[in-house]
Each structure stands twice: as structure tokens, then as C-alpha cells.
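Below is one structure; the comments refer to it alone.
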Amino acid sequence: MQATVRIFDPATRSGTVFLDDGTEVPYGTAAFDAGPLRLLRPGQRVNITVDGGRVTYITLSTFPVPDQTDRPG
């Protein structure tokens with residue numbers, strides 16, 4: 001699923017994204033740390049994985065999102 005970064009806090013490595021329908025969704029440190037990123041900027045397009053209503057993975061829209069079976073834990 002794609003989204004747009006609204007907020008990124010580099011100190012906590014968390015923030016929020018806007019889904020394409022305008023819904024704002026928070027993501028935590030674990031979702032950011034699951035991917036290969038070092039930082040995000042507001043307005044960047046990202047790919048996210050949502051599980052149980054919670055963002056579990058976030059990366060740039062140009063990077064693939066791994067299958068659930070590809071990630072440990």
C-alpha cells in the first residue's frame with residue numbers, strides 16, 4: 001500500500017503518513033527500523049505494510065516491500 005509521509009521525527013524514528021484517501025496513520029520505531037531507511041521527509045511517497053490496523057513496515061515507494069515470509073519475527 002502506498003502513502004505520503006506527513007511527519008517524521010528522527011529522534012524517535014516514528015511519525016505519521018497520509019493514505020491516498022486522506023486518512024492519517026501513525027507508524028512507530030519498529031516499522032521504520034524494519035526497513036532500510038535512514039530518514040524520511042514530509043511529502044515523500046512510501047510503501048507501507050499494515051497488519052491489524054498497524055503499520056509494520058515502511059520504505060520508499062521505489063523500494064519493494066518484502067513478503068511477510070521474508071522478514072524475521
Side-chain angles (χ1 to χ4, degrees):
M1 168 185 309
Q2 290 195 339
T4 302
V5 176
R6 178 174 182 266
I7 297 171
F8 173 68
D9 181 344
T12 63
R13 298 181 319 282
S14 63
T16 62
V17 294
F18 283 127
L19 301 182
D20 290 343
D21 68 1
T23 304
E24 187 175 355
V25 180
Y27 63 90
T29 303
F32 183 81
D33 289 348
L37 304 179
R38 293 183 183 196
L39 63 93
L40 289 168
R41 292 185 314 261
Q44 275 186 307
R45 289 293 285 175
V46 291
N47 283 332
I48 60 173
T49 299
V50 178
D51 186 18
R54 190 173 64 93
V55 176
T56 58
Y57 188 87
I58 185 167
T59 193
L60 297 180
S61 62
T62 55
F63 294 165
V65 174
D67 291 334
Q68 294 289 344
T69 57
D70 291 345
R71 283 187 281 147

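As the structure is a prediction and not an experimental result, all values here were calculated from the model.
Looking at every heavy atom in both residues, Val50 comes nearest to Thr56 through N-OG1, 4.4 Å. Across every non-hydrogen atom of Phe63 and Asn47, the tightest pair is O-ND2, 3.1 Å. Closest heavy-atom contact between Arg45 and Asp20: NH1-OD1, 2.8 Å. Of all heavy-atom pairs spanning Pro64 and Thr59, the tightest one is O-CG2, 4.1 Å. Shown here for Thr16 and Tyr27, the closest heavy-atom pair between the two residues is N-CE2, 3.3 Å.
Under the 4.5 Å side-chain heavy-atom criterion for Ile, Leu, Val, Met, Phe, Trp and Tyr, Ile58 and Leu19 are members of the same hydrophobic cluster. Both Val17 and Met1 sit in one connected hydrophobic cluster of ILVMFWY residues. Membership requires side-chain heavy atoms under 4.5 Å apart, directly or through other members. By the criterion of side-chain heavy atoms lying less than 4.5 angstrom apart, applied directly or through intervening Ile, Leu, Val, Met, Phe, Trp or Tyr residues, Ile48 is grouped together with Leu60 in one hydrophobic cluster. Cluster annotation: Phe8 and Phe18 are assigned to distinct hydrophobic clusters (Ile/Leu/Val/Met/Phe/Trp/Tyr, side-chain heavy-atom contacts under 4.5 Å, transitive).
Using a 4.5 Å heavy-atom threshold, the side chains of Ser61 and Val46 count as separate.
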Check residues 33-41 and write down every donor-acceptor pair under 3.5 Å in which the side-chain atom is one partner and the other belongs to a residue at least two apart or another chain.
from: Asp33; atom 1: OD1; to: Arg13; atom 2: NE; distance (Å): 2.8
from: Asp33; atom 1: OD2; to: Arg13; atom 2: NE; distance (Å): 3.4
from: Asp33; atom 1: OD2; to: Arg13; atom 2: NH2; distance (Å): 2.8

